[in-house]
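Position 1 is the first residue of the sequence, and the numbers go up from there. Computed from a prediction, not measured in an experiment: that's the story for all the values here.
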Amino acid sequence: MKSPLLSLPGAVPAEGVDEGVAAHYGDLFREQRALADGTGFVDLSHRGVVTVTGEDRLSWLHLLLTQHVSDLPAGQATEALVLSAHGHIEHALYLVDDGTTVWAHVEPGTQEALLAYLESMKFFYRVEVADRTADTAVVHLPAGSIAEVPEGVAVRETPYGRDLFLPRADLEAYAAKAGPPAGILAHEALRVEHHRPRLGFETDHRTIPHELGWIGTAVHLQKGCYRGQETVARVQNLGKPPRRLVFLHLDGSEVHLPTAGTELRVADDNPDGRKIGFITTSVRHHELGPVALALVKRNVPVDAPLLAGTTAAAQEVVVEP
């Protein structure tokens, strides 16, 4: 979905997964500072939107998702995952129930596969699932924002701000009165600052929730059976995940950021030393400078100086070893 807000002054289109919205509007650090101060908004209209309606919507989703949602109060935001039979992360949902409908936004392009899975699991339950991406745009208001929320719009209220499920036809009109726009790069910089993983960025085909700190926020450990639960319980009770998420402070004297996928090595090893992890997301933050999220082997010492390619990096623990 190509956003009409790409016609705003200064808009530079994003690339890759986030194609369809603006990377920035001409001043990345100003946009970051505005979001950190609780002003402006982020156009996330490229994200997929899925709804679930019907009397059994919450009890049915409770059987499929990692989160406890059978008694989810109306208006309370939560996160949930869909796992494979082996416990690997397949989908991440950011959802809220408005009293009659569960609204969820998901990574761009993943809604079709998610919808197919949900449809295959309906059986005799009184539920209807729908892809609402074509008529619904997600807009993010940062924490502290006093921007007006249109009446009748579903809202996810989180510590990081509010996600609005806005009618796509109203997107341009809402943007005109919601404050200065901030691009997806500013949104990503704050996500990295808050150590928040993102599907497809911090995950690969073998990622389990424990590696990213999604236990608790997106995975409930005292709920009934769901696909992949055996792996979750086994790692939680009997072992440790093979990798862990870390936050990296990168050498600010480097001109170029190490990109996603850049291999990590312990700095004290020789240049051909073993790979101990890789960068998942790297950003330039308005206060912290160049920083990144990365996955490293669990047994890498937390005080070990690292090299991301040729860039020096210092760890900050996100997931305990």
Side-chain angles (χ1 to χ4, degrees), residues 1 41-82 91-107 110-112 114-171 173-175 177-178 196 199 214 216-226:
M1 304 292 293
F41 71 94
V42 183
D43 176 12
L44 298 179
S45 61
H46 63 315
R47 290 184 64 82
V49 177
V50 173
T51 59
V52 183
T53 55
E55 295 180 43
D56 297 334
R57 65 189 183 282
L58 291 177
S59 58
W60 176 67
L61 285 171
H62 186 78
L63 300 174
L64 306 178
L65 304 180
T66 56
Q67 188 57 273
H68 196 300
V69 297
S70 59
D71 301 312
L72 185 68
Q76 180 174 308
T78 193
E79 301 177 8
L81 307 175
V82 173
H91 295 281
L93 294 78
Y94 301 84
L95 54 89
V96 67
D97 183 79
D98 67 5
T100 61
T101 302
V102 172
W103 295 82
H105 65 79
V106 298
E107 288 298 324
T110 65
Q111 64 270 20
E112 290 185 6
L114 174 61
L115 199 72
Y117 170 67
L118 294 177
E119 286 284 357
S120 73
M121 301 300 291
K122 284 171 63 174
F123 303 117
F124 56 84
Y125 290 95
R126 295 166 294 180
V127 294
E128 293 297 330
V129 295
D131 181 352
R132 299 291 301 275
T133 309
D135 60 41
T136 305
V138 179
V139 172
H140 175 76
L141 301 177
S145 170
I146 59 172
E148 176 187 358
V149 176
E151 186 176 352
V153 168
V155 179
R156 291 187 69 250
E157 183 87 37
T158 78
Y160 309 102
R162 289 173 288 174
D163 297 334
L164 279 55
F165 293 87
L166 194 72
R168 192 170 289 274
D170 297 343
L171 179 57
Y174 185 76
K177 58 184 179 182
R196 300 178 64 209
L199 182 78
W214 252 328
T217 60
V219 178
H220 195 286
L221 295 175
Q222 277 76 48
K223 61 161 287 185
C225 189
Y226 56 88

Listed by chain and number, what are the side chain to side chain donor-acceptor pair (under 3.5 Å) partners of [X], not counting sequence neighbours?
X	answer
E112	none
H220	none
D98	T100, W103

Nearest heavy-atom pair of [X] and [Y]: which atoms, and what distance?
X	Y	answer
L118	W60	O-CZ2, 3.3 Å
A137	S45	CB-CB, 3.6 Å
Q111	D131	CG-OD2, 3.6 Å
W214	A92	CH2-CB, 4.3 Å
T133	R47	CG2-O, 3.7 Å
L171	L166	CA-CD2, 3.9 Å

- Query: Which pairs with one or both residues in residues 140-158 pass side chain to side chain donor-acceptor pair (under 3.5 Å), sequence neighbours excluded?
  - Reply: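 Sorted pair list: H140-D163, R156-D163.
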
- Task: Sorted by first residue and then second, give each side chain to side chain donor-acceptor pair (under 3.5 Å) pair with at least one member in residues 61-70; sequence neighbours left out.
- Result: Q67-T78

- For residues 71-81, which residue pairs qualify under salt bridge (charged side-chain N to carboxylate O under 4.0 Å, His left out), counting only residues two or more places apart or in two chains?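 Residue pairs passing salt bridge (charged side-chain N to carboxylate O under 4.0 Å, His left out), neighbours aside: E79-R196.
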
- Task: Quick one: pull up CZ in R132 and CG in L115 and give me the separation to the nearest 0.5 Å.
- Result: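 Result: 12.0 Å between the selected atoms.
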
- Task: Mind checking the CG-CG spacing from L58 to D97? Nearest 0.5 Å is all I need.
- Result: 4.5 Å

- Using the ring of each side chain (for Trp, its six-membered ring), is Y94 parallel, tilted or perpendicular to H105, with breaks at 30° and 60°?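 Parallel, since the angle between the ring planes stays under 30°.
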
- Could you tell me whether K122 and E128 make a salt bridge, using a distance below 4.0 angstrom between a side-chain N and a carboxylate O? yes

